[in-house]
Amino acid sequence: MCGIIGIVSHKEQRASIVASCLRLLEYRGYDSVGIAALDVGKVEVMKTVGGVEDLLKQVDVDSISSSVLVGHTRWATHGMPTFSNAHPHTDCSSKIAVVHNGTITNFDVLKEELTSLGHRFKSETDTEVIPHMMEEWIKKGLTSWEAFKRTVQALNGSYAILAVVSGERRIYFARKDNPLTIGLGKGSNYIASDAEAFVRFTRRVVRLMDGELGYIEADEVRIFDFTGKEIAVGERVMEIGWSPEESGIIGYEHYMLKEIQESPRAVRDTLAGIRFDQVSEAASLIRNSERVLVVGSGTSYHAGLLFGHLLEKEGYDVRTLIASEATTLRPREGDVLISISQSGETLDVLNAVKNHFKKYNIKSISLTNRIESALNFVSDIRLHTRAGPEVGVAATKTFTSQLAALLYLKSLIVGEPTDYLEGAPAAVSNSLSQQGYAKAIGEELCKKSDMFYLGRGMGVPLAMEGALKIKEVAYIHAEAYPAGESKHGPIALISDGFPVFFVNDGERTALLINNLKEMKARRAKTYSVSVNSRIGADEEIYFEGDSSLAPFYISPFLQMVAYFAAVCKGANPDRPRNLAKTVTVE
């Protein structure tokens, strides 16, 4: 949460280049935005509340140029989204500027100490202690590099930091529990939260690990660990496999709809890109385990629930855990862990894997959409989806790609053929062909304030994901329940016209019909997305196909319903209020 970008070049660059990079990072945070450009004797800072477009309306960024530039899009944690709290933050003399992603947990102690030394704070953020600490160390005679290192040593919490000092042509960086990737250009180097920010300039990247710091210059990169040992940069260089065009909006009104429509390709690429040796190793590990622990957050948690449900049906002992609560479970000998995260940077998932489960020495498998992600580096076996860049905050093609990878893994575990998955992209396409129906339902639901999603078996996690999507982007209060549970409380809320959406994967239809009748008897308005058997909802979208592929018919349709409900409400589905794409704070 929060996107940061830094550029060092031999040539002077207009600040608008940073603005264009920040546009590609806005999915990480859009409460406020800012740019710092080094100038002779000081640092020029431009910032505002809102997004990049708001900044461009207020400031002529093209009038400012520099060979060293940093920028930031903020998702507020410490302090409201205000001008003073927007990054970059500077020291008292405005010669040092810092952008930061993460949270400094001991900032109040540091701030009190610095205030007692005469430093003047202008914001409520934890970040502002960083430039003032550097300023203090430089006053005491340290070089800026030594001052930066001393400052980082004093910080507790999580961070990805960029710092610039007037008069220098370099950017200092440090990383702990928040992503940073360096881009290696010709005559210029880049550093950002996500390579999407600079991929149009270079695809050669160096992934930074936790506990590393250093600096980039126009033609040099130096990386050190926290003990001072220098890291060989050349051994880390890798090539990004996707093109900048993949992250463009290409004629769609919103990224969310574009990315839903990309799901057939994402599922196909994920299945085609599966490395059989890795998945076989993961399947063998799970097959020989005593218990399977599955960890994820949000959409990835729901994908994990579906995976766990399928394994439980095959007799496996599975515990699927919400990442932020997973540390309450003490693993035991014979457990194996699978962690799921789109970015591989979700801090709750990383903390659960790295700071909890790894201590018990259980084997771990990760499933991410980022080969270079932090989660991969702390996992024993690394599996990947090939969804490509996903800019919309709501995970859509990510979910269907995760399902494709997890169903493939499940089939290997239980020793069944995987051929049926060849039909998954077509099932998604079939679902997407019903866009008109999804639009009509979404526009009807956008007038409602509350609703239920009900399912049974595999339909429960799919119902939970459907409810999450419409909450996220259309701000409709939606609860998902196992349909059998509805009569143990939720049904008390049913009144005339209350919307209830049934997820019918075709396996337990007779029971769902009973639940539907219970709702209709109380005058609920019922909807259903059904595969291979109808339940008689007031509005029922129906698909026929391989029942094993039911999630690929159901999920895209529910995503489209949520999208059109958001658009009908006048909300921006790409930037839901209070949310950010990659959650890198606890």
Side-chain angles (χ1 to χ4, degrees), residues 242 246 250 252 254-274 299-300 302-307 310 340 342 367 369 384-392 394-411 418-439 441-442 453 455 458-459 461-466 468-470 473 501 503-507 528-532 540-564 573:
W242 43 270
E246 287 183 67
I250 316 177
Y252 286 87
H254 296 105
Y255 278 106
M256 183 177 175
L257 184 59
K258 170 181 179 278
E259 288 160 356
I260 293 171
Q261 296 286 350
E262 288 174 345
S263 296
R265 193 272 308 153
V267 168
R268 187 179 300 109
D269 287 355
T270 294
L271 293 170
I274 282 176
T299 290
S300 296
H302 296 152
L305 277 175
L306 192 142
F307 176 66
L310 295 175
I340 307 169
Q342 181 268 339
L367 175 65
N369 195 43
H384 302 113
T385 56
R386 265 59 175 189
E390 190 175 63
V391 177
T396 53
K397 61 178 178 175
T398 287
F399 185 61
T400 43
S401 299
Q402 288 174 341
L403 294 182
L406 291 169
L407 262 62
Y408 191 99
L409 174 60
K410 171 257 174 184
S411 295
T418 58
D419 299 356
Y420 70 100
L421 285 169
E422 293 175 5
V428 176
S429 296
N430 196 344
S431 180
L432 297 178
S433 71
Q434 300 301 315
Q435 181 171 313
Y437 208 164
K439 184 171 187 288
I441 293 175
Y453 282 75
M458 184 165 61
L462 296 175
M464 294 172 72
E465 179 59 13
L468 177 65
K469 281 290 155 288
I470 208 161
V473 301
F501 212 126
V503 176
N504 172 26
D505 64 283
E507 189 170 273
S528 168
V529 52
S530 294
V531 179
N532 291 334
E540 186 163 23
I541 184 72
Y542 176 72
F543 299 103
E544 281 188 351
D546 184 342
S547 58
S548 302
L549 300 176
F552 300 102
Y553 292 103
I554 292 168
S555 294
F557 187 80
L558 295 180
Q559 292 168 359
M560 288 192 296
V561 168
Y563 168 78
F564 285 112

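Between the Asn504 side chain and the Gly455 main chain, no donor and acceptor come within less than 3.5 Å of each other. Checking side-chain atoms of Glu259 against main-chain N and O of Gly392 turns up a donor-acceptor pair under 3.5 Å.
Counting only heavy atoms from C-beta outward, the side chains of Gln435 and Leu257 approach each other to under 4.5 Å. You'll find the side chain of Ser433 reaches within 4.5 Å of the side chain of Asn430, heavy atoms only. Two residues are said to be in side-chain contact when any heavy atoms from C-beta on lie closer than 4.5 Å; Pro551 and Asp505 fail this criterion. Side-chain contact between Phe552 and Leu421 is present, with at least one heavy-atom pair separated by less than 4.5 Å.
Going from atom CE of Met560 over to atom CD1 of Ile441 covers 9.5 Å, rounded to the nearest 0.5 Å. Atom OG of Ser431 sits about 13.0 Å away from atom OH of Tyr437, to the nearest 0.5 Å. A distance of 9.0 Å separates CG in Leu406 from CG in Leu310, rounded to the nearest 0.5 Å. The CZ atom of Arg268 lies 6.5 Å from the OG atom of Ser429; values are rounded to the nearest 0.5 Å. The distance from atom OG of Ser548 to atom CE of Met458, rounded to the nearest 0.5 Å, is 7.5 Å. The CG atom of Leu558 lies 10.5 Å from the CD1 atom of Ile260; values are rounded to the nearest 0.5 Å.
The only option from Leu367, Leu409, Leu407 that meets the side-chain contact (heavy atoms from CB on, under 4.5 Å) definition with Phe307 turns out to be Leu409. With Lys397 as the partner, the side-chain hydrogen bond (donor to acceptor under 3.5 Å, both in side chains) test is satisfied by one option alone out of Gln402, Glu262, Glu390: Glu262. The one candidate from Asn369, Thr400, Thr270, Asp269 that meets the side-chain hydrogen bond (donor to acceptor under 3.5 Å, both in side chains) condition with Thr385 is Asn369. Just one of Val503, Leu403, Leu306 meets the side-chain contact (heavy atoms from CB on, under 4.5 Å) condition when paired with Pro461; it is Leu306.
Between the side chains of Thr396 and Gln559, no donor-acceptor pair of N or O atoms lies under 3.5 Å.
Phe501 meets the ring pair (Phe, Tyr, Trp, His ring centres under 6.0 Å) test with Tyr453, Tyr527; sequence neighbours excluded. Under the side-chain hydrogen bond (donor to acceptor under 3.5 Å, both in side chains) criterion, Glu544 pairs with Tyr542, sequence neighbours left out.
Shortest non-hydrogen contact noted between Gly304 and Ile340 is CA-CD1, 3.6 Å. The minimum heavy-atom distance between Glu540 and Ser530, with the atom names listed, is OE2-OG, 2.7 Å. The shortest non-hydrogen separation linking Leu271 to Ala424 is CD1-CB, 4.4 Å. Between Ala562 and Val473, the shortest heavy-atom distance links the atoms O-CG2, 3.5 Å. Nearest heavy-atom pair, Phe557 versus Gln434, reported as atom, atom and distance to 0.1 Å: CE1-O, 3.6 Å. The two residues Leu549 and Gly423 come nearest to each other via the heavy atoms CD1-C, 3.6 Å.
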Tell me, with the steps shown, if Gln342 and Ser300 meet side chain to side chain donor-acceptor pair (under 3.5 Å). CA-CA 7 Å; Gln342 181 268 339; Ser300 296; over 6 Å; no
